[in-house]
Amino acid sequence: MEKIQVGEIFTITDENDEELEVEVLAGINIEGTDYVAVSFVEDLQEETEEDIDVFFLKLDDDGDFSAIDSDEEFEKVSNAFDEIMKEEE
């Protein structure tokens, strides 16, 4: 599987079939599953002081991104990324 690079930009389709560009902010592997933290490119380009929406996607066996289904899984991934961000400060 090809490693996903921080800074890569992907196009995802939302539930309304609108295409949105997201940029990878970080990647992590938890228990054999790859996850990425992404944010909308549009938000990153607007240099505002507001918090940028970050959300997490997981990579399935086909190399496609999918949403995180359970609250427990989301919590686990969110906490892991928080740890990474603390270490980089």
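Here the structure is a predicted model, which is why all the values come from computation and not from measurement.
In this structure, Ile28 CD1 and Thr33 OG1 are separated by 11.5 Å, a value rounded to the nearest 0.5 Å. Within the model, atoms OG1 of Thr13 and CG of Leu20 stand 8.0 Å from one another, a figure rounded to the nearest 0.5 Å. Taking CZ from Phe55 and CD1 from Ile12, the interatomic distance works out to 4.0 Å, rounded to the nearest 0.5 Å. Atom CG of residue Asp82 and atom CG of residue Asn79 lie 6.0 Å apart, to the nearest 0.5 angstrom.
Within a 6.0 Å radius of CG in Asp71, no more than 12 heavy atoms belonging to other residues, nucleotides or ligands are found.
Distance alone, capped at 3.5 Å, is enough to place a donor-acceptor pair between the Ser39 side chain and the Asp53 backbone. Remark: side-chain polar atoms of Asn16 are not paired, donor with acceptor, to backbone N or O of Glu18 under 3.5 angstrom.
Lys58 has its side chain within reach of Asp69: a pair of non-hydrogen atoms, C-beta onward, lies under 4.5 Å apart.
Closest of all the heavy-atom pairs between Val22 and Val41 is C-CG2, 3.8 Å. Heavy-atom minimum distance, Ala37 versus Phe81: N-CZ, 3.6 Å. Closest heavy-atom contact between Val6 and Gly27: CG2-N, 4.5 Å. Among all heavy-atom pairs drawn from Val36 and Val38, the shortest one is CG2-CG1, 3.8 Å. The nearest pair of heavy atoms linking Gln5 to Val24 is O-CB, 3.7 Å.
In this structure, Leu25 is not a member of the same hydrophobic cluster as Ile9, with clusters built from ILVMFWY side-chain heavy atoms closer than 4.5 Å.
Classified by interplanar angle (parallel below 30°, tilted 30° to 60°, perpendicular above 60°), the ring pair Phe65/Phe10 is perpendicular.
Of the residues listed (Leu59, Ile68, Leu57), the one engaging Tyr35 in a side chain to side chain contact (heavy atoms under 4.5 Å, CB included) is Ile68, and it is the only one.
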